[in-house]
There are 2 protein chains.
Amino acid sequence: MNTSAMQLTLLTIAEPNRFNIVELLKKGPRSVSDIVQALNIGQPQVSRHLRIMSDAGLVYVERKAQQRIYSLEAQPFQELDAWFDSFSRLWEDRLDKLDDLLSEIKREEQE
Amino acid sequence: MNTSAMQLTLLTIAEPNRFNIVELLKKGPRSVSDIVQALNIGQPQVSRHLRIMSDAGLVYVERKAQQRIYSLEAQPFQELDAWFDSFSRLWEDRLDKLDDLLSEIKREEQE
DNA sequence: TTAATATATACGTTGACATGTATATACGTT
DNA sequence: AACGTATATACATGTCAACGTATATATTAA
């Protein structure tokens, strides 16, 4: 599990505007001006955020005349998805412990 | 889906030291001095990071004499887990499109 | 070539946050 | 009570990153 790549992804999408860009791009590819319109931030800021996301490997670009169409890269999100899956032990273990506790109580009642 | 809560969680665990604290606490509860030893940062810094994580609802504390034992809260990680699951469409759709493409090619070959 | 549209970059300013040092608080032991 | 250990907080400092404004680059159209 490549934690430093995940940290970069986390750091990148933790910024509120970029988080919103991710939410938007999840619905499908969008041009810069699409994003400017959808979220309420200036064009240079959007370009800058997209640059940062691109550097982090979270998006890729396609040219269409003067427009740049941005899409989400799947891999980094898959990685984080897998990482968060590994947390499931956190709550499953608790349920197991609860089960153990309940069994123990039952046993005590029967004695 | 509570995006503002998720953003807070992301922002909190994106910081490298706190990310490492999460990785450590995933293995089980730890005292402050445990964490100080495991990661290589000063005690006040660890306390401060734990304070921030606590404010964000990511950890809870139990007292044991002078020690404070920190554990991960399950819920915020469950939320992010669910959110990242929603990205699966991202790559599944692509596979679907690939399937479509392959079917089309086959059809063309048969004509 | 000139103009128009779409996007990217440069730069100065500002605010937020992480760090280190010092100190306060909490709890236990003698 | 006095001391030691464990943890939390206060404060000054430095760094980084986001923002706004201005401008550069790219692409198409006239």
Side-chain angles (χ1 to χ4, degrees), chain A residues 3-25 28-73 76, chain B residues 3-25 28-73 76:
Chain A
T3 57
S4 65
M6 288 193 307
Q7 283 191 44
L8 180 58
T9 304
L10 283 176
L11 215 47
T12 305
I13 69 176
E15 201 282 329
N17 289 314
R18 290 194 289 264
F19 180 88
N20 291 330
I21 292 177
V22 169
E23 287 270 77
L24 184 61
L25 292 185
R30 294 283 189 280
S31 73
V32 176
S33 47
D34 285 341
I35 301 173
V36 170
Q37 272 203 308
L39 319 182
N40 221 23
I41 39 182
Q43 176 267 313
Q45 282 69 24
V46 170
S47 284
R48 176 149 239 289
H49 284 307
L50 288 169
R51 180 69 151 78
I52 291 167
M53 296 170 75
S54 173
D55 287 348
L58 304 192
V59 294
Y60 62 91
V61 202
E62 281 163 324
R63 303 190 162 202
K64 185 180 178 182
Q66 313 102 314
Q67 301 191 56
R68 302 294 133 96
I69 311 296
Y70 284 86
S71 309
L72 286 186
E73 202 78 61
Chain B
T3 56
S4 65
M6 287 193 307
Q7 284 190 44
L8 180 59
T9 304
L10 283 176
L11 216 48
T12 305
I13 68 175
E15 201 281 328
N17 288 314
R18 290 195 288 265
F19 180 88
N20 291 330
I21 292 177
V22 169
E23 287 269 78
L24 185 60
L25 291 185
R30 294 284 189 280
S31 73
V32 176
S33 48
D34 285 342
I35 301 173
V36 169
Q37 273 202 307
L39 320 182
N40 222 22
I41 40 183
Q43 176 268 314
Q45 282 69 23
V46 170
S47 284
R48 174 150 244 287
H49 283 307
L50 288 168
R51 181 68 151 78
I52 291 167
M53 295 171 76
S54 172
D55 287 348
L58 303 193
V59 295
Y60 62 91
V61 202
E62 281 163 324
R63 304 191 164 202
K64 185 179 178 183
Q66 313 102 314
Q67 300 191 54
R68 302 295 132 95
I69 312 296
Y70 284 85
S71 310
L72 286 187
E73 202 78 61

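First the proteins, then the strands, lettered A, B, ... as listed; each starts at 1.
- Listed pair B:H49 / C:dT19 meets the phosphate criterion, a side-chain N or O lying under 4.0 Å from OP1 or OP2.
- Here the closest heavy-atom approach between residue A:A14 and residue B:A14 is recorded as CB-CB, 4.0 Å.
- Toward the 5' end of DNA chain D, the nearer of the two residues A:I52 and A:R68, judged by each one's closest nucleotide, is A:I52.
- In plain terms, the two heavy atoms of A:V32 and A:L50 that are nearest each other are CG2-CD1, 3.9 Å.
- The minimum heavy-atom distance linking A:Q67 with A:S31 is given by the pair OE1-CB, 3.3 Å.
- Taking a heavy-atom distance under 4.0 Å as the criterion, the stretch of DNA chain D touched by chain A extends 5' to 3' from D:dA18 to D:dT28.
- Closest approach of B:R30 and B:L25 over heavy atoms only: CB-CD2, 3.7 Å.
- A pairwise comparison of heavy atoms in A:Y60 and A:L72 identifies CE2-O, 3.6 Å as the closest pair.
- Atom-to-atom, CZ of A:R63 to C1' of C:dT5 comes out at 15 Å; the value is rounded to the nearest Å.
- When the P atom of C:dC17 is taken as reference, atom CD of B:Q45 falls 16 Å away, rounded to whole Å.
- Taking the side chain as every heavy atom from C-beta outward, A:R51 and A:D55 approach each other to under 4.5 Å.
- Atom CD1 of residue A:I21 and atom CG of residue A:L24 lie 8.0 Å apart, to the nearest 0.5 angstrom.
- With the nearest nucleotide of DNA chain D identified for both A:A65 and A:Q43, A:Q43 has the one nearer the 5' end.
- For the OP1/OP2 pair of C:dT9 and a distance below 4.0 Å, the side-chain nitrogens and oxygens of A:S47 include no atom meeting the criterion.
- Among the atoms of the strands shown, only primed sugar atoms or phosphate atoms (P, OP1, OP2) are found under 4.0 Å from some heavy atom of B:Q67.
- In terms of heavy atoms, B:E62 sits closest to B:S71 at OE1-OG, 4.4 Å.
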Output side-chain donor-acceptor pairs under 3.5 Å for residues 39-46 of chain B, partner residues at least two apart or in another chain, one line each.
residue: B:Q43; atom: NE2; partner: B:S47; partner atom: OG; Å: 3.1

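- Contacts between residues 5-25 of chain A and DNA chain D, defined by a heavy-atom separation below 4.0 Å, involve A:E15, A:N17, A:R18, listed by number.
- If you take NZ of B:K64 and P of C:dG28, they are 12 Å apart, rounded to a whole angstrom.
- Here the straight-line distance linking atom CZ of A:R18 with atom CD1 of A:I52 works out to 4.5 Å at 0.5 Å rounding.
- Remark: DNA chain C forms stems of 3 or more consecutive Watson-Crick or G-U wobble pairs, all pair distances under 3.5 Å, at C:1-30 with D:1-30.
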Might you list the N or O atoms of the protein lying below 3.5 Å from N or O atoms in nucleotides 10-12 of chain C, with each pair's distance?
none

Could you walk me through whether B:R68 and B:R63 pass side-chain contact (heavy atoms from CB on, under 4.5 Å), step by step? CA-CA 5 Å; B:R68 302 295 132 95; B:R63 304 191 164 202; 3.9 Å; yes
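- The neighbour count for B:R48 CZ, taken as heavy atoms of other residues, nucleotides or ligands under 6.0 Å away, does not exceed 12.
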Which donor-acceptor pairs under 3.5 Å do side chains of residues 5-12 of chain B form with protein atoms, sequence neighbours excluded?
residue: B:T9; atom: OG1; partner: B:A5; partner atom: O; Å: 3.1
residue: B:T12; atom: OG1; partner: B:L8; partner atom: O; Å: 2.6

